Participant: 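Provided herewith is a single structure, encoded as C-alpha cells, for subsequent inquiry.
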Amino acid sequence: MNVVMLGPPGAGKGTQAVRLAEIYGIPHISTGDIFRENVREGTELGRRAREYMERGELVPDELVIEIVADRLKREDCRNGFILDGFPRTVAQADALKAMLAGEVRALDHVVNVEVPAEVLVKRISGRRTCRECGTNYNVHFEQEEVGEACRECGGQIYQREDDLEETVRRRLREYEAKTAPLIEYYRDEGLLRRVDGDAPPEEVLASIRRVLEGGGESG
Ligand code: AP5
C-alpha cells in the first residue's frame, strides 16, 4: 500500500504515520525527520536545510525530491510506504508521480488529516519530542506529566526549534500557499481521503484505517 499523509503542521500526520507503519509493516518516511537527523549530524544537507527550517519555510524542491527518490528505491519500500511531509508542493507531487511511474507503481491513497487552525497552534506549542527515538508527547493533552526523559527509550525530551510561535505562524502560511493546493490536485486524481483529525489519536487512527481498508469516506 502506497500512502501519502497530507495535512497542515500539527495535524497529527507523524503521530498517525508511525502507527500505520507498524500496523501495515511498511516504512514511515518523514522528510522532516530526515532533515532534522541531518541537522543533528551536521551533514551538508543538514546545513543547507537548517536555514529554511529555522525560518519556518519549505526547503527547496530540488533538495527534497532527490532524497525521497533515493529512499523509495530501497528494498523495504517494495511492499509500500507511508510518506509523511512529502509532497508539499505541486512540483514535488509531479516528481513523485514520475518516480513511481518509472517503477510501474502508483499511489493508492492520499489521507488528508483535517484539523481547525486554532487546535493546530495549541498542539504545536505543546509538542515535546524525544531526541533519540522521535516519540511525540504533548504537554496540553496528556494525562501523565511529560518529563525530561522519554517513556519509550529514556532519551532526552526537547522542544523543536521550529515550534516557537512566530515560526509556527510562518509554517502555517507556507502550508496555505504551497501545500493546500495539493488537496485539489489529489481530489482530481481520485486519491484524496478526508479524515477528521480533531479527535483523540485512537479515533483518528480508526478513521484512517477505515478509509485505507475500503469502508470509509473519500473525496
Ligand atoms: P515536518 O517535520 O514535516 O513538520 P510539519 O509538516 O510542519 O508537521 P509537524 O511535524 O509539525 O506535524 P504533524 O502533522 O506530523 O503532527 P504531529 O503528529 O507531530 O517538517 C519540518 C520542516 O522541514 C518544514 O517546515 C520544512 O522546512 C522542512 N520540510 C519537510 N518536508 C519538506 C518538504 N517535502 N518540502 C520542503 N520542506 C520540507 O502532532 C503534533 C502534536 O499534536 C504532537 O505533540 C502530538 O502528540 C499531538 N497530537 C497528534 N495527534 C493528536 C490528537 N489526535 N489529539 C491531540 N493531540 C495530538
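Residue numbers run from 1 in the order of the sequence given. Note that the coordinates shown come from a computational prediction; the quantities given were computed from them, not determined experimentally. Counting convention: from 1, in listed order, for ligands and their atoms alike.
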Participant: Charged N to carboxylate O under 4.0 angstrom, R160 versus D162?
Facilitator: yes
Participant: What residues sit with at least one heavy atom under 4.0 Å from ligand 1?
Facilitator: P8, P9, G10, A11, G12, K13, G14, T15, T31, G32, F35, R36, M53, E57, L58, V59, V64, G85, F86, R88, Q92, R123, R127, N136, Y137, N138, F141, R160, D162, R171, G197, A199, P200, P201, V204
Participant: Determine, stepwise, if the pair R123 / D163 fulfils salt bridge (Lys or Arg N to Asp or Glu O under 4.0 Å).
Facilitator: CA-CA 10 Å; R123 280 192 190 174; D163 280 353; over 6 Å; no
Participant: One thing to verify: whether R187 and E184 come together as a salt bridge, which I'm taking to mean a side-chain N less than 4.0 angstrom from a carboxylate O.
Facilitator: yes
Participant: Carefully, step by step, assess E142 and R128 under the rule salt bridge (Lys or Arg N to Asp or Glu O under 4.0 Å).
Facilitator: CA-CA 11 Å; E142 288 184 40; R128 301 293 182 271; over 6 Å; no
Participant: For E152 and Y137, does a side-chain donor sit closer than 3.5 Å to a side-chain acceptor?
Facilitator: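 Not at all, the side chains of E152 and Y137 share no donor-acceptor pair under 3.5 Å.
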Participant: Sequence neighbours left out, cut at 3.5 Å: what donor-acceptor pairs do the side chains of residues 90-107 make with other protein atoms?
Facilitator:
| from | atom 1 | to | atom 2 | distance (Å) |
| --- | --- | --- | --- | --- |
| Q92 | OE1 | R88 | N | 2.9 |
| Q92 | NE2 | D61 | OD1 | 2.9 |
| D94 | OD1 | Y185 | OH | 2.7 |
| K97 | NZ | E189 | OE2 | 2.8 |
| E103 | OE1 | R105 | NE | 3.3 |
| E103 | OE1 | R105 | NH2 | 2.8 |
| R105 | NH1 | C77 | O | 3.0 |
| R105 | NH2 | L72 | O | 3.0 |

